[in-house]
Amino acid sequence: MATQDTPGTTSTTSTTDLSPEALDRALAPLAAALGDRLLTPASDGFADAAAVFMGGAERTPAAVARVRDADEVATALAVAHDAGLPVAVRAGGHNLARHSLLDGGLVLDLRLMDGVEIDRDAGVGRAQGGVLAGDYIVAAGEHGLATGFGDTGGVGLTGLALGGGIGYLSRAHGLTVDNVLGAEVVLADGRVVRADADENPDLYWALRGGGGNFGVVTEIELRLRELPVVTGGMFVWPAEPATLAGVLTALAEAPAELSGMVNVLVAPPLPMLPAEAHGKPIVMALVCFAGPADQAEAVYAPLRALAPVHDSVGEIAYPEMFAGVGGPEGGMPGDARTGFLGDGAWAPDEAWATAAVGAVLGAPPGVAAVNLRPMGGAIADADPADTAFAHRDAAWMVTVQGMTPELDGLAGLREWITSTADTLGVGGRGYVNFMSTATEEDVRNAYPEATLARLREVKRAYDPGNLFASNHNVTPQV
Ligand SMILES: Cc1cc2nc3c(=O)[nH]c(=O)nc-3n(C[C@H](O)[C@H](O)[C@H](O)COP(=O)(O)OP(=O)(O)OC[C@H]3O[C@@H](n4cnc5c(N)ncnc54)[C@H](O)[C@@H]3O)c2cc1C
C-alpha cells in the first residue's frame with residue numbers, strides 16, 4: 001500500500017498496488033453479491049457515486065459498493081481485507097477531510113441504508129447508517145420530537161454523530177454523542193455487534209467521538225425529546241466590531257436553552273440575506289431557543305438591543321430551522337481550519353472582533369467566513385470522560401472556512417484561511433468533524449492524551465489491523 005498527498009487535502013490516503021486484472025479478480029465475490037450496485041470507474045454513474053460535498057480533491061476510488069445491509073457490509077469488508085484493499089465509508093459525503101474519497105480504495109456507500117424509525121412511546125429514534133440528518137429531523141418532527149444534530153440537513157446523521165455533533169440544540173440537550181443510546185456495528189472481522197451501556201461499553205464509549213475508527217455503524221439509536229416548537233431563525237447586523245463583540249457576549253451569557261452560531265462574512269447575494277446587506281461585511285447569527293416564543297423573548301432582548309437589520313426569529317417547528325438557509329450546494333473546492341477558544345462564558349473582545357471583520361474584508365471570492373459556535377450549557381455539564389468527545393470546557397468552537405467556485409482559487413483561499421486562523425488564534429485543540437486535514441497532529445488536537453490512549457485500547461480490541469484507517473485515524477499503536 002502506498003501513501004500519497006493530493007492537491008485537495010493533506011490527509012493521508014492509501015492506494016492499492018493491485019493491477020487492474022488482480023483488482024477485478026479481488027472484487028469478483030463482491031460483484032457477485034451486489035451486481036450493478038458495485039461501481040468501478042468504468043461504470044455509468046461512478047462519478048456521481050464517488051462525488052463528495054467538499055470538492056477540490058483529485059482522488060479516484062477503485063470501486064464504490066452500494067451496500068444495503070449488515071451482511072453486505074461484512075462481505076465488502078472481507079473482500080477488501082483479503083485483497084489488501086484500503087476501505088472507506090461514505091454516508092452523507094460531507095466530511096471536510098473527504099475521508100470517503102480514497103484513492104484506489106473500496107468505498108462502502110451506505111446511502112441505500114436510509115431507514116428511520118421513530119418509537120414515540122419509548123422516546124427512541126433509530127436510523128440506518130446512511131440516513132441524512134434532515135430526513136430523521138423531519139420524521140421525528142412529525143411527532144413533535146427531536147434529537148439535536150448540526151445546522152445542515154444534508155449531513156450524514158451517523159457521520160456527524162460519531163464525531164460529536166454540535167448544532168441548534170447542543171446547549172439545551174447536549175451534543176449528538178450525548179444522545180446516542182446504542183449502535184449496531186459491523187466490525188473489521190465481519191462480526192455484527194451491539195454497542196451500548198451494557199453490551200461492549202468500551203466500544204459504545206469510543207463511538208461517541210472517536211469517528212469511523214472502529215467499525216461500520218449500520219444502525220444508530222438516539223434519544224428523542226419532546227420539542228413541539230422552538231423559537232429561532234436569523235439575525236443580521238452590519239459587521240461593526242462593537243456589534244460583533246456584543247453579539248458574542250450575549251450568546252456566551254445566554255441560558256442553556258439558546259444554541260446557535262455566528263458567521264462573520266461578506267454577504268453573498270443570496271435571497272435569504274437582506275438585499276441591502278449584499279456585498280457588505282455582516283454578522284449573521286442563526287439561533288435556536290428550545291422552547292416557545294413567550295419564554296424566548298427575554299433571552300433574545302440583548303441581541304435585539306443591538307439593532308439587527310434583519311430579524312426572522314420567531315416560533316417555528318424545529319425542522320423549519322433547516323429550511324431556507326441556503327449556501328453552496330457542494331462539489332465546490334473548499335477548506336477550513338478549526339479550534340476551540342477560551343473557556344466558560346468567555347467571549348472574544350472588541351480587538352478580536354476588529355481582526356475578524358478586517359479578515360473577512362480581505363477574503364478571496366467565493367463564500368468565506370469566520371464561524372463561531374458557543375459551547376457551554378449541556379455540552380459542558382457532561383463529564384468529559386463519558387464520551388470520546390472530551391473538549392467540553394471550551395467557550396467557543398471557531399472555524400475559518402471557505403469554498404471557491406474554481407479549483408485554481410483554492411490556493412488563495414487556503415492562504416486566507418491560514419493567515420486568518422493565525423491572526424485569530426484558531427488552531428490547536430479542535431473538533432474532529434470540522435478538520436479538513438487528518439494528520440497525526442490533527443488527531444492529537446482532537447483528543448486529549450488520556451482520551452487518545454483509551455481510544456487506542458479500544459482500537460486494539462476491535463480493529464487491531466487498522467482496516468478502518470480512512471478517517472482521523474486512531475492507530476492501534478502510537
Ligand atoms: C455544510 C456542512 C455543514 C456541517 N454542519 C455541521 C454541524 O452543524 N455540526 C457538526 O457537528 N458537524 C457539521 N458538519 C461536519 C460533519 O459532521 C462531518 O463532516 C461529518 O463527518 C459528515 O458526515 P457525512 O456522513 O456527511 O460524511 P461522509 O464523508 O460520508 O463520512 C465521513 C466519515 O464518517 C464516518 N462514517 C460516516 N458514516 C458512518 C457509519 N455509518 N459507520 C461508520 N463510519 C461512518 C467515516 O469515517 C466516513 O469517512 C458539517 C459539514 C458540512 C460540509
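Just the heavy atoms: all of them, side chains too, but no hydrogens, waters or symmetry mates, feed the values below. Order of appearance sets the numbers: ligands from 1, and atoms from 1 within every ligand.
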Tell me the contacting part of [X] for ligand 1: side chain, backbone, both, or neither, using a 4.0 Å heavy-atom threshold, strictly below.
| X | value |
| --- | --- |
| Phe149 | neither |
| Arg373 | side chain |
| Leu157 | neither |

Within the 4.0 Å heavy-atom shell around [X], which atoms of ligand 1 are there?
| X | answer |
| --- | --- |
| Gly215 | 43 (C) |
| Thr158 | 40 (C), 41 (N) |
| Gly150 | 7 (C), 8 (O), 9 (N) |
| Gly165 | 11 (O) |
| Leu96 | 19 (O), 51 (C), 53 (C) |
| Val216 | 42 (N), 43 (C) |

Suppose the criterion is salt bridge (Lys or Arg N to Asp or Glu O under 4.0 Å): which pairs have a residue in residues 457-473, not counting sequence neighbours?
Lys459-Asp463
Quick one: do the [X] and [Y] side chains pair a donor with an acceptor below 3.5 Å?
| X | Y | value |
| --- | --- | --- |
| Ser436 | Asp335 | yes |
| Asp442 | Thr439 | yes |
| Arg90 | Asn95 | no |
| Thr147 | Arg223 | no |

Any Gly93 heavy atom less than 4.0 Å to ligand 1
yes
Closest non-hydrogen protein atom to [atom], residue and atom name please, with distance?
| atom | value |
| --- | --- |
| atom 47 (O) of ligand 1 | Gly212 CA, 3.7 Å |
| atom 25 (O) of ligand 1 | Gly92 N, 2.9 Å |
| atom 39 (C) of ligand 1 | Val89 CG1, 3.7 Å |
| atom 52 (C) of ligand 1 | His94 CD2, 3.7 Å |
| atom 11 (O) of ligand 1 | Tyr431 OH, 2.6 Å |
| atom 16 (C) of ligand 1 | Val155 CG1, 3.9 Å |
| atom 17 (O) of ligand 1 | Asn433 ND2, 3.2 Å |
| atom 12 (N) of ligand 1 | Phe434 CE2, 3.3 Å |

Which option wins on minimum heavy-atom distance to [atom]: [options]?
| atom | options | value |
| --- | --- | --- |
| atom 40 (C) of ligand 1 | Asn213, Ile220, Leu110, Val432 | Leu110 |
| atom 9 (N) of ligand 1 | Asn371, Ile166, Leu175 | Ile166 |
| atom 23 (O) of ligand 1 | Gly159, Ser100, Gly154 | Gly159 |
| atom 44 (N) of ligand 1 | Val217, Leu101, Leu132, Leu162 | Leu162 |

Considering distance alone, does some N or O of [X] sit under 3.5 Å from an N or O of ligand 1?
| X | value |
| --- | --- |
| Arg90 | no |
| His99 | no |
| Asp151 | yes |
| Ala91 | yes |

Are [X] and [Y] packed together at the side-chain level, in the sense that at least one heavy-atom pair is separated by less than 4.5 angstrom?
| X | Y | result |
| --- | --- | --- |
| Ser312 | Phe235 | no |
| Val216 | Leu110 | yes |
| Val185 | Tyr462 | no |

Charged N to carboxylate O below 4.0 Å: is that the case for Glu219 and Arg194?
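No, no charged N to carboxylate O under 4.0 Å.
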Residues Arg392, Asp383: salt bridge by 4.0 Å N-O rule
no
Could you work out, with salt bridge (Lys or Arg N to Asp or Glu O under 4.0 Å) as the rule, every residue matching Arg66, not counting sequence neighbours?
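Arg66 satisfies salt bridge (Lys or Arg N to Asp or Glu O under 4.0 Å) with Asp109 only.
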Check the angle between the aromatic planes of Phe340 and His391 and answer parallel, tilted or perpendicular using the 30° and 60° thresholds.
tilted
Report yes or no: does Glu257 contribute a side-chain atom to a donor-acceptor pair with the main-chain N or O of Ala172 at less than 3.5 Å?
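Not confirmed, Glu257 side chain does not pair with Ala172 backbone.
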Should we say atom NE2 of His310 is surrounded by more than 12 heavy atoms from elsewhere, each under 6.0 Å from it?
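Enclosed: over 12 neighbouring heavy atoms sit under 6.0 Å from NE2 of His310.
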Hey, is CD on Glu440 packed in by over 12 heavy atoms from elsewhere, all under 6.0 Å?
no
